[in-house]
S.K.: 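Quick one: the structure is below, questions incoming.
Fair warning: this is a prediction, and the values are worked out from it, not measured in the lab. As a basis for the values below, the full set of heavy atoms in this structure was taken, side chains included, without hydrogen atoms, waters or symmetry mates.
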Protein chains: 2
Amino acid sequence: MQTLNTYKPKNINTHLIEIQDYFKIAISVDCVIFGFDENELKVLLIKSDLDQYKSKWSLLGDIVHTDENLEDAAYRVLLNRTGLQDVYLEQVHTFGKVCRHPAGRVVTIAYYSLINIQHSTIRNMDNELHWHPVKKVKQMAFDHREILDACYQRLQEKLKEHPVGFNLLPKKFSLRELQNLYEAILDVKLDRRNFRKKIMSMGLLIDLNEMEDDVPHRPAKLYKFDAEAFEKKEKNLLGLES
Amino acid sequence: MQTLNTYKPKNINTHLIEIQDYFKIAISVDCVIFGFDENELKVLLIKSDLDQYKSKWSLLGDIVHTDENLEDAAYRVLLNRTGLQDVYLEQVHTFGKVCRHPAGRVVTIAYYSLINIQHSTIRNMDNELHWHPVKKVKQMAFDHREILDACYQRLQEKLKEHPVGFNLLPKKFSLRELQNLYEAILDVKLDRRNFRKKIMSMGLLIDLNEMEDDVPHRPAKLYKFDAEAFEKKEKNLLGLES
DNA sequence: ACAAAAGTGTTAGATTTACACCCATGA
DNA sequence: TCATGGGTGTAAATCTAACACTTTTGT
């Protein structure tokens with residue numbers, strides 16, 4: 001083992017060195033775009049045209065431009081593909097196995113995003129883009145299955161602690177819709193009364209005094225997410241932690 | 001807004017394109033190396049020699065080689081700097097603001113690592129490398145303060161749910177040492193009896209039937225971490241989830 | 001004998017889970 | 001009037017938090 005008193009390498013954090021030699025790796029972002037429809041969590045995928053992955057499904061991603069922040073690249077992909085801005089986006093993990101991409105060394109930063117499927121300009125009739133039920137996705141191109149799994153797991157953990165599910169629903173929704181969403185994402189059955197109690201106790205719902213329409217049973221009350229109360233809550237939490 | 005039926009860009013995930021043009025970004029790893037000593041959580045830092053950050057402290061990191069996996073780069077940094085192999089390592093977040101590094105565009109993948117300070121070959125007398133109490137770190141070079149904060153927060157969350165603290169302790173330790181570690185990392189005061197109950201109920205400690213030595217009070221029993229039981233537990237958990 | 005930390009159970013409070021009936025609407 | 005899901009409260013069980021005295025060692 002080398003001793004450390006003598007090991008003092010030049011280093012990008014400590015010395016100004018030429019980094020030209022290291023510009024041999026490309027960086028991309030890949031977005032796991034989640035939507036909720038027909039009581040299922042879905043993910044937006046595109047058919048790859050690479051020979052090696054002909055007809056396999058892949059995530060939506062792109063190379064990061066030299067003068068572009070990582071998040072901006074992810075938002076760019078989202079805007080291009082879904083027509084949506086101001087969506088929920090979270091970085092999850094960076095995947096960089098040497099041989100993960102046939103075009104060369106490509107390190108990819110994985111994000112997941114939560115969008116309202118109805119608001120997007122994608123329709124399932126489009127040729128290339130399809131919404132897939134997350135639970136039924138089988139083979140994927142590259143290491144995208146691994147990326148999807150990591151993002152799905154992160155979403156599950158996030159949802160258990162934070163009210164992010166609203167991003168997947170329309171502005172107005174019933175408690176049943178919200179519960180269906182939790183059940184679909186967490187893959188569990190929840191007790192209706194306990195769920196309602198818990199959600200209500202968060203104090204993040206505004207009663208719209210409106211009802212569902214056109215349902216063949218007693219209509220449910222409609223609510224919207226109280227973004228203001230949520231922000232106030234977040235701020236307090238940070239304040240107490242500091 | 002562009003319509004999506006007509007927007008079908010070539011893309012690194014879907015088409016074979018030249019990525020030479022994109023080799024303009026360097027990739028590095030930065031390691032937040034945590035140790036536990038004198039009842040404090042400490043982080044290993046090095047003085048930067050870059051003009052811009054003269055005498056500021058920075059994390060230990062390096063450029064990722066073209067033929068090297070990301071984790072391998074992180075393990076390389078760890079081995080070079082601490083002389084340690086087989087250490088706990090976890091990827092946390094990737095930082096890539098356009099202007100975060102004066103040498104050009106450098107995207108860095110942040111890891112944190114938990115090591116036993118006694119086992120490392122670093123001594124505080126070394127010129128460049130110093131162990132800093134995490135709570136007392138002030139200014140740092142680059143965006144390293146932000147990286148440290150992200151890693152520390154992740155460590156706190158991890159420790160609440162998973163038994164990773166053992167990586168910071170010597171092979172043999174007392175329950176008091178373990179509690180001191182939890183209190184230092186989580187920045188809370190814990191009830192001794194409740195702590196012992198909870199730790200014992202995890203079933204991850206092996207009673208060594210040995211005692212502390214040379215303490216000016218009643219000596220404590222010594223335990224070691226039951227790695228086998230831990231792995232069995234992890235496996236079961238994964239099994240149930242799938 | 002004294003100082004200092006080790007070791008050890010019980011109780012109250014809070015949280016979580018389980019569970020069943022009436023209600024409003026459309027067909 | 002029937003089928004369907006909406007809406008509501010309570011009790012048991014579990015988990016968490018609070019708390020004090022005796023023991024062992026070195027000085």
Side-chain angles (χ1 to χ4, degrees), chain A residues 36-40 156-157 159-163 165 169-170 172-184 186-224 233 237 240, chain B residues 36-40 156-157 159-163 165 169-170 172-184 186-224 233 237 240:
Chain A
F36 185 67
D37 194 30
E38 296 170 320
N39 287 340
E40 279 185 314
Q156 289 184 318
E157 279 155 24
L159 187 67
K160 284 177 197 162
E161 301 292 333
H162 300 96
L169 291 178
K172 302 176 181 188
F173 53 85
S174 67
L175 283 177
R176 161 60 63 183
E177 287 175 284
L178 189 61
Q179 183 174 345
N180 285 342
L181 183 145
Y182 273 78
E183 291 184 341
L186 300 180
D187 199 19
V188 291
K189 204 93 194 79
L190 298 172
D191 178 87
R192 188 152 44 111
R193 278 176 286 191
N194 293 337
F195 178 77
R196 296 163 95 89
K197 253 180 292 176
K198 178 164 245 172
I199 292 290
M200 286 312 192
S201 75
M202 299 190 319
L204 295 176
L205 290 189
I206 296 176
D207 187 339
L208 290 169
N209 292 312
E210 290 179 59
M211 293 291 181
E212 278 180 323
D213 225 348
D214 297 324
V215 286
H217 53 77
R218 174 173 176 180
K221 290 173 96 169
L222 293 176
Y223 297 85
K224 69 172 183 180
K233 222 174 197 179
L237 234 118
L240 290 171
Chain B
F36 184 68
D37 194 32
E38 296 170 321
N39 288 340
E40 279 185 312
Q156 289 184 317
E157 281 154 23
L159 187 67
K160 284 178 197 163
E161 301 292 334
H162 303 272
L169 290 179
K172 304 176 179 187
F173 53 86
S174 66
L175 283 176
R176 162 59 63 185
E177 288 175 283
L178 189 61
Q179 182 174 346
N180 285 343
L181 182 146
Y182 273 78
E183 291 183 341
L186 300 179
D187 200 19
V188 291
K189 205 89 193 86
L190 299 173
D191 178 87
R192 188 153 42 112
R193 278 176 286 189
N194 293 337
F195 178 77
R196 296 165 95 90
K197 253 182 292 176
K198 178 164 244 172
I199 292 290
M200 285 312 191
S201 74
M202 300 190 319
L204 294 176
L205 290 189
I206 295 176
D207 187 338
L208 290 169
N209 292 312
E210 290 180 58
M211 294 292 182
E212 279 181 322
D213 225 347
D214 295 325
V215 287
H217 53 76
R218 175 173 175 180
K221 289 173 96 170
L222 293 177
Y223 297 86
K224 70 172 181 179
K233 223 173 197 179
L237 235 120
L240 290 172

S.K.: Of the residues in residues 205-222 of chain A, which ones touch DNA chain C at a heavy-atom distance under 4.0 Å?
M.R.: A/Val215, A/Pro216, A/His217, A/Arg218, A/Pro219
S.K.: Residues two or more places apart in sequence or in another chain: which of them pass salt bridge (Lys or Arg N to Asp or Glu O under 4.0 Å) with B/Glu161?
M.R.: none
S.K.: Please identify each residue that fulfils side chain to side chain donor-acceptor pair (under 3.5 Å) with B/Lys221, with sequence neighbours left out.
M.R.: B/Asp207
S.K.: Using side chain to side chain donor-acceptor pair (under 3.5 Å) as the criterion, list what pairs up with A/Asn194, not counting sequence neighbours.
M.R.: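 Residues passing side chain to side chain donor-acceptor pair (under 3.5 Å) with A/Asn194: A/Asp191, A/Lys197.
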S.K.: With no hydrogens and no angle check, is any side-chain donor or acceptor of A/Lys233 less than 3.5 Å from a backbone partner on A/Met202?
M.R.: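 Indeed, once roles are kept as given, a pair shorter than 3.5 Å links the two residues.
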S.K.: On DNA chain D, which is the earliest and which the latest nucleotide, 5' to 3', with an atom closer than 4.0 Å to a heavy atom of chain B?
M.R.: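 Nucleotide range with atoms under 4.0 Å of chain B: D/dA17 to D/dG26.
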S.K.: List for me each residue that meets side-chain contact (heavy atoms from CB on, under 4.5 Å) alongside B/Ile206, sequence neighbours excluded, and say none if there are none.
M.R.: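 Counting only residues at least two positions away or on another chain, B/Ile206 forms a side-chain contact (heavy atoms from CB on, under 4.5 Å) with B/Lys224, B/Asp226.
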S.K.: Can you find a pair of side-chain heavy atoms, one from B/Phe173 and one from B/Leu205, that are under 4.5 Å apart?
M.R.: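 When only atoms from C-beta onward are counted, B/Leu205 and B/Phe173 do touch, with a gap below 4.5 Å.
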S.K.: Mind checking side-chain contact (heavy atoms from CB on, under 4.5 Å) for B/Asn39 and listing every partner two or more places apart, or none if nothing turns up?
M.R.: B/Phe36, B/Asn180
S.K.: I'd like the 5' and 3' limits of the part of DNA chain C contacted by chain A, with heavy-atom contacts below 4.0 Å.
M.R.: C/dT17 to C/dG26
S.K.: Please report the interatomic distance OH(B/Tyr182) to CD1(B/Ile199), rounded to the nearest 0.5 Å.
M.R.: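 Nearest 0.5 Å value for the OH-CD1 distance: 4.5 Å.
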S.K.: Going by side chain to side chain donor-acceptor pair (under 3.5 Å), name the residues that satisfy it together with A/Lys189, two or more places apart in sequence or in a different chain.
M.R.: A/Glu183
S.K.: Can you give me the closest heavy-atom contact between A/Leu175 and A/Phe195, atom names plus distance?
M.R.: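 Minimum heavy-atom separation between A/Leu175 and A/Phe195: O-CE2, 3.8 Å.
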S.K.: For B/Glu177, check side chain to side chain donor-acceptor pair (under 3.5 Å) against everything at least two apart and list the hits.
M.R.: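 Testing B/Glu177 for side chain to side chain donor-acceptor pair (under 3.5 Å), a comparison that skips the adjacent residues, returns B/Ser174.
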S.K.: Can you list, in residue-number order, the parts of residues 173-182 of chain A that come under 4.0 Å of DNA chain C, counting heavy atoms only?
M.R.: none
S.K.: Once ring-ring contact (aromatic ring centres under 6.0 Å, His included) is applied, what residue pairs with a partner in residues 196-219 of chain A remain, sequence neighbours excluded?
M.R.: none
S.K.: Assign each of B/Asp191 and B/Lys198 to its nearest nucleotide of DNA chain D by heavy atoms, then name whichever residue's nucleotide is nearer the 5' end.
M.R.: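 Counting from the 5' end, the first nearest nucleotide belongs to B/Lys198.
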